[in-house]
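A quick write-up on the structure given underneath.
Computed from a predicted model, the values in this text were never measured in an experiment.
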Amino acid sequence: MEETIFTKYIDSPLGELEISATEDYLTSILFVDAQKKPSPRKVETEYVPTVITDYVRQIAEYFEGTRKDFDLKIQHKGTDFQKTVWAELENIPFGKTISYLELSRRIGNEKAIRAVGTTNGSNKFNIIVPCHRVIGANGSLVGYGGDLWRKKWLLEHEAKVLGNYQTSLF
């Protein structure tokens with residue numbers, strides 16, 4: 001039996017976000033107008049499960065600078081390898097970055113760097129599974145499905161919240 005998916009759209013400092021969930025867990029959080037990976041608009045449901053209202057509150061706190069970690073039930077759909085990469089993303093602290101090579105090392109397979117990059121790019125939980133915290137080995141901004149300007153904004157927002165804000169990090 002297939003679960004019902006509920007969808008809500010909210011405005012954010014980074015543009016419109018599409019939040020999809022079952023009654024029990026989030027299934028995706030996507031940028032509607034991302035150039036690289038836009039989310040085709042779905043029909044917004046009238047009923048909004050608690051997991052979506054919890055997300056709306058927590059993302060507002062994140063943008064206000066009062067929340068650094070999310071406490072939400074999510075459901076990743078993918079291979080065991082993909083789930084391992086996505087789980088490791090959640091171990092990158094707020095305001096910190098690592099390279100794709102470092103992410104590959106952390107999952108125990110340095111040679112899987114390309115697969116790690118592809119998996120990072122297929123993350124369906126923008127912001128809360130912090131794929132934006134993964135950068136190039138030389139410190140450059142590369143590879144973000146939500147567009148590089150959003151990645152830059154998120155990293156600068158987190159640095160500012162931590163008091164490490166400079167005119168531009170990148």
Does [Y] offer a backbone N or O that forms a donor-acceptor pair with the side chain of [X] under 3.5 Å?
| X | Y | answer |
| --- | --- | --- |
| Tyr55 | Ile29 | no |
| Gln58 | Asp71 | yes |
| His132 | Trp153 | no |
| Ser140 | Gly136 | no |

Any side-chain heavy-atom pair of [X] and [Y] under 4.5 Å:
| X | Y | answer |
| --- | --- | --- |
| Lys8 | Ile10 | yes |
| Trp149 | Tyr144 | no |
| Thr84 | Gln82 | no |

Tell me the closest heavy-atom pair linking [X] and [Y], and the distance in Å.
| X | Y | answer |
| --- | --- | --- |
| Trp86 | His76 | CE3-ND1, 3.4 Å |
| Thr97 | Ile135 | OG1-CD1, 3.5 Å |
| Ser99 | Val134 | C-CG1, 3.8 Å |
| Ala34 | Gly145 | CB-O, 3.6 Å |
| Pro130 | Leu89 | CG-O, 3.2 Å |

What pairs of donor and acceptor atoms, side-chain ones from residues 46-54 against any protein atom, are under 3.5 angstrom apart with sequence neighbours left out?
unit_1: Tyr47; atom_1: OH; unit_2: Glu23; atom_2: OE1; d: 3.1
unit_1: Tyr47; atom_1: OH; unit_2: Glu23; atom_2: OE2; d: 2.6
unit_1: Thr53; atom_1: OG1; unit_2: Thr50; atom_2: O; d: 2.9

Using 0.5 Å steps for rounding, measure from the [atom1] atom of [X] to the [atom2] atom of [Y].
| X | Y | atom1 | atom2 | answer |
| --- | --- | --- | --- | --- |
| Glu88 | Ser104 | CD | OG | 10.5 Å |
| Asp69 | Glu90 | CG | CD | 10.0 Å |
| Ser28 | Ile19 | OG | CD1 | 9.0 Å |
| Ile59 | Ile128 | CD1 | CD1 | 8.0 Å |
| Leu26 | Phe6 | CG | CZ | 12.5 Å |
| Gln75 | Lys83 | CD | NZ | 6.5 Å |

Steps toward side chain to side chain donor-acceptor pair (under 3.5 Å) verdict (Thr7, Ser20): CA-CA 4 Å; Thr7 302; Ser20 296; 3.3 Å; yes
For Glu158, the option from Arg133, Lys96, Lys151, Lys152 that meets salt bridge (Lys or Arg N to Asp or Glu O under 4.0 Å): Arg133
Stepwise side-chain contact (heavy atoms from CB on, under 4.5 Å) test for Val161 and Phe63: CA-CA 10 Å; Val161 168; Phe63 287 128; over 6 Å; no
Audit row: Arg106, Ile98, side-chain contact (heavy atoms from CB on, under 4.5 Å) steps and yes/no: CA-CA 10 Å; Arg106 288 184 182 191; Ile98 65 169; 3.4 Å; yes
Derivation and outcome, side-chain contact (heavy atoms from CB on, under 4.5 Å), residues Val32 and Leu17: CA-CA 6 Å; Val32 173; Leu17 290 168; over 6 Å; no
Lys/Arg cation over aromatic Phe31: Arg150, 6.0 Å, 45° cone: yes
hydrophobic_cluster_shared for Phe125 and Phe94, side chain cutoff 4.5 Å: yes
hydrophobic_cluster_shared for Ile113 and Phe81, side chain cutoff 4.5 Å: yes
Candidate pair Tyr100 and Val142, rule side-chain contact (heavy atoms from CB on, under 4.5 Å), full reasoning: CA-CA 10 Å; Tyr100 289 94; Val142 293; 3.7 Å; yes
Charged N-O contact under 4.0 Å between Glu61 and Arg57: yes
CA sep, side-chain torsions, deciding dist, call: Asp24, Thr22, side chain to side chain donor-acceptor pair (under 3.5 Å): CA-CA 5 Å; Asp24 300 314; Thr22 66; 4.9 Å; no
Modelled atom types, side-chain donor and acceptor of Glu16 and Tyr9, under 3.5 Å: no
